[in-house]
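All remarks here apply to the structure that follows.
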Amino acid sequence: MEMSTVIQEAPADVVLMGLGVMSGTIAAELSIAGYNVVGVTRGPYWNYATDFASNKYDEWGIGFERKFDFPASLQTTTIRNNVNQFALPARRPTFPIQYHSLGFGVGGVAQHYGGNMGRQGPWAFTMNSSTASKYGAGHLASINPNDDTQDWPFTYAEYEPYYVAWEQAFGISGNGNGNVNGAPMPMSKNYPMQGHPLTPLGSAFQSASEALGYYACPHVSSLASVPYMNTYGVQINGCVYDGWCGSSCNYPCETGAKANSAFRSIPAAIKTGKFKMVLNSEVFRMDTKADGTISDIRYYDAQGNVHVQPGTVFFNGMWGYNQTRSMLISGVGAPYNPTTATGSVGRGLTYGYGTYSSTGGPSGSVAGMGLNSFCAGNAAGGDTFLYDFMDDNFDHTGLNFIGGAQQSAGGYSGGGPGNLTQAGGVSSASQGSAYKATQKSKYQAAATGHVSFGGVAPDLPNTTSYWDIDPHYVDAWGDPCARITHDWTPNGYLGASYFASSPGNAPFIAILNKMGATGISNGGTVVAPFSAHTDWWGHHWRGGNRVGVSASTSVFNGWQQAWMAPNLFAAGEVNNTTGDTVPSGTHIAGPQVQIASEGMQKYLLSPGLLTASLDGKTGPT
């Protein structure tokens, strides 16, 4: 075997691992602030005007073969439900179960995600203490076996200015963010772009909900609803509603309206002349000094050469399990031990939402609600949503779960191909003359619209769900794969069961009646906890590299700074402490990365662990 050449790179002020959404913010803000920044990522720099416009119309290649994504055959994770099982890897997308795969190139998976956004509410940041204060100190432990729930290091009010900074730069469309205990969620500044045009069903849902005292907002989305110049001076194109980008978060955007770092932040970094972008490369190690700080990263280039990239401060912007895995295989931080419930790296793993769909809440049909007004938008536009039935926005006294679920209706029909569902799992409901008749007429104005309620309550942190290193499987470079040990907690099931039966279903039935719905179903079959199990690795894993106030139970402090390696910062869903069920993992990572940007600039001026207070400056200093 030919030995790899080792290439020593010139030191940089800032080194980024990955160039997805989070790293893009750091690249722009730190280079604008005058620092020399190097970003290393796998894959190319996609150009929406050339790469996607000419070859994107490939349903099978994109949806099944995942041609714009990183091959799972080269690197994946293994998964099991408990320590008594042997974890197995997913080496290829197997629609409809393991349809998700890793992003590839600048922008990461945000090149083709759904773009669902929406702020995490105030309760989710203080889930542990708020629950104890209102329902008793032992309540969480009684409903969540092996509970490991913690509060975030800061409150919603403290994160709020960082939300605003990220929303203005990334380009978010919407108008308000739902109710918190009967009043609109506090926002010091509204989203920079208006919400996407509502469908007839979305408007009807909004009118009926508000007539009953709820607060329905247009769906929050990172698909630009209009042309927009962001705070970095990058011009953004608006959505043209071309009927392609919907369906299972698969399809890229040919106009650049779908927000990701390649079209929002990286152009601003490049313009400074202070940013070096390293493409088609694989970061595989962080090296440390005797004091625990990071000295450099190592990565393979496309020819297999090893590069050593020194820096002063480092940012881990890798997605999901790779962020945690990179720390474990590099020996950064204390690995979590599930037997003793000690250590922090890998601890507190949860899945963001959509744990299972076996329990459905009330549903009904509304005539005259055809879908043809707007045909695209990943279903992340056109509808209106309610926060009134999530978090602690309704009284949980006497209930055996906490939190709830966002409710919505009227989303765009998606466009994008519908053949994937048929090819991935044909049934009598998706073939034959009767099915074809429904497809023929569903876009006509007189067609029937469908509304359904329900959803699951949050998956809660516990001491038995975690990331670690798999002792049996390796990636294409010989490094161990990450391993997921996870099963849904009872909280999700019990919340779903509540919404599917009386009295939890009563508000939903009232909304359906107000809309004039027919064929109303009161709810589905109640599903018992642990009757369904985690069987895939998805795109919204949360926790495992969480922020917190204690180095013994969290990996990063409130500044998104590693306790045991103070020149390492990170942001992403896996840094969440806890989370509600709002389907917008990228959005909650937004204020995290703004805080990390501020913290990294502070560290460059005065190295060391940062204090707990935030400045709220939210931009380059």
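Every value quoted in this text rests on a predicted model; they were computed, and no experiment measured them. Worth knowing before you read on, the calculation uses all heavy atoms, side chains too, and leaves out hydrogens, waters and symmetry mates.
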How long is the gap from CG on Asp459 to CG on Leu349, to the nearest 0.5 Å?
-> 8.0 Å
Are Gln120 and Asn576 linked by a side-chain donor-acceptor pair shorter than 3.5 Å?
-> no
Check Ser497 against Ser501 and note the closest heavy-atom contact, atom names and distance.
-> O-OG, 2.8 Å
Should the pair Phe508 and Phe453 be assigned to parallel (<30°), tilted (30 to 60°) or perpendicular (>60°) ring geometry?
-> parallel
Quick one: side chain to side chain donor-acceptor pair (under 3.5 Å) partners of His450, sequence neighbours excluded?
-> Ser365
More than 12 non-hydrogen atoms from neighbouring residues, nucleotides or ligands closer than 6.0 Å to CE on Met564, yes or no?
-> no
Indicate whether any N or O donor in one side chain lies under 3.5 Å from an N or O acceptor in the other, for Asn177 and Tyr191.
-> yes
Applying side-chain contact (heavy atoms from CB on, under 4.5 Å), run through Val83 and Tyr466 and close with a yes or a no.
-> CA-CA 10 Å; Val83 296; Tyr466 58 95; 3.4 Å; yes
Please work out whether the ring planes of Tyr498 and Phe394 are parallel, tilted or perpendicular, with thresholds of 30° and 60°.
-> parallel
Check whether any side-chain heavy atom of Thr149 lies under 4.5 Å from a side-chain heavy atom of Pro461, and answer yes or no.
-> yes
May I ask you to decide if the ring planes of His139 and Tyr135 are parallel, tilted or perpendicular, using 30° and 60° as cut-offs?
-> tilted
If you measure only the distance, is there a donor-acceptor pair under 3.5 Å linking the side chains of Gln323 and Asn575?
-> yes
Verdict with reasoning, Tyr215 to Glu210, per side-chain contact (heavy atoms from CB on, under 4.5 Å) | CA-CA 6 Å; Tyr215 179 47; Glu210 293 184 347; 4.2 Å; yes
Partners meeting salt bridge (Lys or Arg N to Asp or Glu O under 4.0 Å) with Arg119 (sequence neighbours left out) = Glu160, Glu167
Looking just at side-chain N and O atoms, do Asn491 and Thr489 make a donor-acceptor pair shorter than 3.5 Å?
-> no
Apply salt bridge (Lys or Arg N to Asp or Glu O under 4.0 Å) to Asp468 and list each qualifying residue two or more places apart in sequence or on a separate chain.
-> Arg483
Partners passing side chain to side chain donor-acceptor pair (under 3.5 Å) against Asn316 (at least two apart in sequence or in another chain) | Ser326
Nearest non-hydrogen partners of Pro480 and Ile469, listed with the distance = CB-CG2, 3.3 Å
Is there a donor in the side chain of Gln407 and an acceptor in the side chain of Tyr214, or the other way round, less than 3.5 Å apart?
-> no
Are any of the side-chain heavy atoms of Thr324 and Tyr336 separated by less than 4.5 Å?
-> no
Student check: side-chain heavy atoms of Arg325 and Asp479 closer than 4.5 Å | yes
Proximity of Tyr351 and Trp488 rings by center, below 6.0 Å = yes
Check Pro458 against Gly404 and note the closest heavy-atom contact, atom names and distance.
-> CD-N, 3.8 Å
Heavy-atom pair with the smallest gap, counting every atom of Gly24 and Ser261 = CA-CB, 3.8 Å
Stepwise side-chain contact (heavy atoms from CB on, under 4.5 Å) test for Leu102 and Met318 | CA-CA 10 Å; Leu102 296 178; Met318 297 181 185; over 6 Å; no
Looking just at side-chain N and O atoms, do Thr485 and Arg80 make a donor-acceptor pair shorter than 3.5 Å?
-> yes
For Ser554 and Gln150, does a side-chain donor sit closer than 3.5 Å to a side-chain acceptor?
-> no
Just how far is it from atom CG of Leu512 to atom CZ of Phe205, taken to the nearest 0.5 Å?
-> 8.5 Å
Do the ring planes of Phe389 and Phe499 sit parallel (below 30°), tilted (30 to 60°) or perpendicular (above 60°)?
-> perpendicular
Output all residues satisfying salt bridge (Lys or Arg N to Asp or Glu O under 4.0 Å) with Asp392, sequence neighbours left out; order by chain, then residue number.
-> Lys134
With the side chain counted from C-beta on, respond yes when Asn522 and Pro362 share a heavy-atom pair under 4.5 Å apart, and no when they do not.
-> no
Output for pair (Asn81 CG, Asp487 CG), nearest 0.5 Å, gives 4.0 Å
Would you call the rings of Trp319 and Tyr321 parallel, tilted or perpendicular, where under 30° means parallel and over 60° means perpendicular?
-> perpendicular
Indicate the ring-plane relationship of Phe104 and Phe70, choosing parallel, tilted or perpendicular according to the 30° and 60° boundaries.
-> tilted
If you measure from OG on Ser344 to CG on Asn545, what distance do you get to the nearest 0.5 Å?
-> 8.0 Å
No-hydrogen, no-angle side-chain donor-acceptor test under 3.5 Å, Gln594 and Ser597 = no
Identify which one of Asn393, Asn181, Asn179 satisfies the side chain to side chain donor-acceptor pair (under 3.5 Å) criterion when paired with Asp388.
-> Asn179
For Asp151, the salt bridge (Lys or Arg N to Asp or Glu O under 4.0 Å) test, sequence neighbours excluded, returns none
Please work out whether the ring planes of Tyr163 and Tyr156 are parallel, tilted or perpendicular, with thresholds of 30° and 60°.
-> tilted
Report the C-alpha distance between Leu386 and Ile511 in whole Å, list the side-chain angles of each, state the deciding distance to 0.1 Å, and finish with yes or no for side-chain contact (heavy atoms from CB on, under 4.5 Å).
-> CA-CA 12 Å; Leu386 302 173; Ile511 294 174; 4.0 Å; yes
Can you see which heavy atom on Asn557 is nearest to which on Trp563, and at what distance?
-> CB-CZ2, 3.5 Å
Nearest atoms (heavy-atom pairs only) where Asn260 meets Gly107 = OD1-CA, 3.8 Å
